[in-house]
Amino acid sequence: MTFVRPFAFAAAVAASLCCPSPTRTEAADLEAGRKIFETICAACHGPTGRADPANPAVQALDPKPADLSDPLFNSREPVADWHTVVTHGGPALGLSAAMPAQAGTLTEEQIRDVVAYAKTLAPGSEAYPPGELNFFLPIRTKKAFPEDEVVWKSRLTEEEGDNVWRNALEIEKRFGKRSMAVLEVIHEDDGTDSEITEVEIGAKHVLHWNAARQAILSGALVVAIPTDSDESEEIIPYLAWGRRLSERATVQTSTRLILPVDDVDEGEFEVAGIMHYVWADRPQAIFPALEFTATMPFDQPDDDDAVQWTLLPQVRVGLTRGGHVALNLGVEFPLSDQDYNTRYHLNLLWDFADGSFFKGW
Ligand code: HEC
């Protein structure tokens, strides 16, 4: 069955890539970490991780330290980022120099211990998916991690006749412990008409994650509402999965159904997958990736051409030092008989949980 083939393909790719789990560092000494925290960090961060606004030392700080005891904040920040900030100081990730570097004061091991302890300061944070599983946003593959993010997605499709330029503004907002709401407004310009063509609203929920295996699975439901009343609304459920394969590679896949409300037979099924080469820790800024998509319209005959394949090499370019504003550039090539030649993608993303758009350039 044509339907099954992309699944088999995705499974084969995943299986062939499946290297051993990420290398685990030695367990940190939390008791040693606590002592260091109370001696050095508590002066500014408070012994509980929450800076005391009545403390004159804290009042002198601008900006104020973030609340390390807030489970949402604490869970979403990857340990590696905190390790970088504590070692090299705030500016290493585009934060304030008021967060002092500890490299001259503490050993590598002590920094590991104090960061591990800082991670325990938010009771209840285990109920939130950890920031380690926040893999890079792909161009086509759906992402599993819930975000506070604004993304501008621009796509130019080269076709016989006029090219079509499509722009989407997507706003994602977390709610609850592991959910996210999304609103997307889509504008298209085909040389003749230039108009808002669609609005999408939806929600995503993290179904499962495994911190040891560094894997995450989410389910989502999106409703697409066209502005042209002759066109059908679409219901779009999807599943998204991601996993870190090694220190240098992450893989993400998603499966999606696009169901027109007026005529479900006109719908399609889509599988997409991507592998990112994470060639160095941040603040390195350029991360190449290779993505594929396979789309199957429901009403196609049962032969090979019923599946439309595309290949989408792309690169993520971090613009700010912490990478909270980034570009994603890609070129999409149809591999089967499709009605366009090439598509050029440009995504600009701003993770607003990590601060203002203008911070850290
Ligand atoms: C002199 C005051 C001061 C001391 C001492 C200090 N910090 Fe900070 N820290 C700050 C400030 C201010 C910020 C906020 C910087 C910003 O948001 O731009 C911060 C931010 C942080 C962050 C948040 C990074 C993020 O993702 O937003 C972590 C984690 C952190 N500090 C850990 C530590 C640890 C661990 C120690 C002790 C080894 C420590 N700090 C010592 C002032 C301090």
Side-chain angles (χ1 to χ4, degrees), residues 25 28-125 128-134 136 145-149 174 281-285 318-326 349-361:
T25 43
D29 182 341
L30 289 177
E31 185 50 27
R34 184 183 62 79
K35 288 192 184 124
I36 298 164
F37 194 90
E38 284 169 1
T39 318
I40 302 175
C41 325
C44 297
H45 287 280
T48 61
R50 185 188 193 130
D52 176 4
N55 177 344
V58 173
Q59 282 166 1
L61 293 172
D62 181 28
K64 304 278 173 274
D67 183 359
L68 305 181
S69 72
D70 169 25
L72 175 59
F73 175 75
N74 192 307
S75 63
R76 79 190 328 161
E77 299 294 321
V79 169
D81 282 9
W82 280 13
H83 200 275
T84 302
V85 168
V86 175
T87 308
H88 304 290
L93 281 190
L95 301 177
S96 154
M99 168 62 210
Q102 302 297 325
T105 318
L106 299 174
T107 64
E108 175 86 1
E109 202 174 52
Q110 288 174 315
I111 291 172
R112 183 200 65 196
D113 293 344
V114 76
V115 168
Y117 176 72
K119 275 275 158 192
T120 66
L121 290 172
S125 64
Y128 296 71
E132 277 73 15
L133 306 182
N134 187 356
F136 291 142
F145 198 83
E147 285 273 42
D148 283 322
E149 195 164 69
R174 281 184 75 154
D281 275 341
R282 283 188 272 171
Q284 290 294 0
L319 297 179
T320 52
R321 264 166 291 157
H324 82 299
V325 178
L349 32 133
W350 164 39
D351 184 346
F352 62 81
D354 273 352
S356 134
F357 185 88
F358 301 101
K359 191 176 87 175
W361 288 75

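Numbering of ligands and ligand atoms starts at 1, following listing order.
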Could you check whether any side-chain N or O of [X] sits under 3.5 Å from a backbone N or O of [Y], counting only pairs where one atom can act as donor and the other as acceptor?
X: Trp82; Y: Ala116; answer: no
X: Glu132; Y: Val79; answer: yes
X: Thr320; Y: Val325; answer: yes
X: Arg50; Y: Leu68; answer: no
X: Asp148; Y: Arg174; answer: yes

Would you kindly specify which portion of [X] sits under 4.0 Å from ligand 1, judged on non-hydrogen atoms: side chain, backbone, both or neither?
X: Phe73; answer: side chain
X: Ala57; answer: neither
X: Pro63; answer: both
X: Met99; answer: both

Give me the residue, atom name and distance of the protein heavy atom closest to [atom].
atom: atom 36 (C) of ligand 1; answer: Cys41 SG, 2.7 Å
atom: atom 14 (C) of ligand 1; answer: Pro65 CA, 3.8 Å
atom: atom 42 (C) of ligand 1; answer: Ala98 O, 3.4 Å
atom: atom 18 (O) of ligand 1; answer: Ser96 N, 2.7 Å
atom: atom 1 (C) of ligand 1; answer: Cys44 SG, 2.8 Å
atom: atom 28 (C) of ligand 1; answer: Leu68 CD2, 4.1 Å
atom: atom 24 (C) of ligand 1; answer: Leu95 CD1, 3.5 Å
atom: atom 20 (C) of ligand 1; answer: His45 CE1, 3.7 Å

Calculate, to the nearest 0.5 Å, the distance between atoms CD and CG belonging to Glu77 and Asn134 respectively.
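Going from CD on Glu77 over to CG on Asn134, the span is 9.5 Å.
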Other residues, nucleotides and ligands only: do more than 12 of their heavy atoms fall within 6.0 Å of CD on Glu108?
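Counting neighbours around CD of Glu108, 12 or fewer heavy atoms of other residues, nucleotides or ligands fall under 6.0 Å, so no.
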Quick check on contacts: which atoms of ligand 1 are under 4.0 angstrom from a heavy atom of Ile40?
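Those of ligand 1 that fall under 4.0 Å from Ile40 are 5 (C).
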Locate the shortest heavy-atom distance separating Ser356 from Trp350; write the atom from each residue and the value.
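Closest heavy-atom pair between Ser356 and Trp350: C-NE1, 3.7 Å.
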Can you check whether Gln102 has an N/O within less than 3.5 Å of an N/O in ligand 1?
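N/O-N/O distance under 3.5 Å: no.
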For the side-chain contact (heavy atoms from CB on, under 4.5 Å) test, which of Asp29, Val114, Ile111, Val115 pairs with Ile36?
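Testing each of Asp29, Val114, Ile111, Val115 against Ile36, the sole residue satisfying side-chain contact (heavy atoms from CB on, under 4.5 Å) is Val114.
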With a 4.0 Å cut-off on heavy atoms, is Val86 touching ligand 1?
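Per 4.0 Å heavy-atom rule, Val86 contacts ligand 1.
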Does ligand 1 have an atom under 4.0 Å from some heavy atom of Pro100?
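Per 4.0 Å heavy-atom rule, Pro100 contacts ligand 1.
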Is there a side-chain contact between Met99 and Val86, using heavy atoms and a 4.5 Å cut-off?
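Touching, per the 4.5 Å side-chain cut-off.
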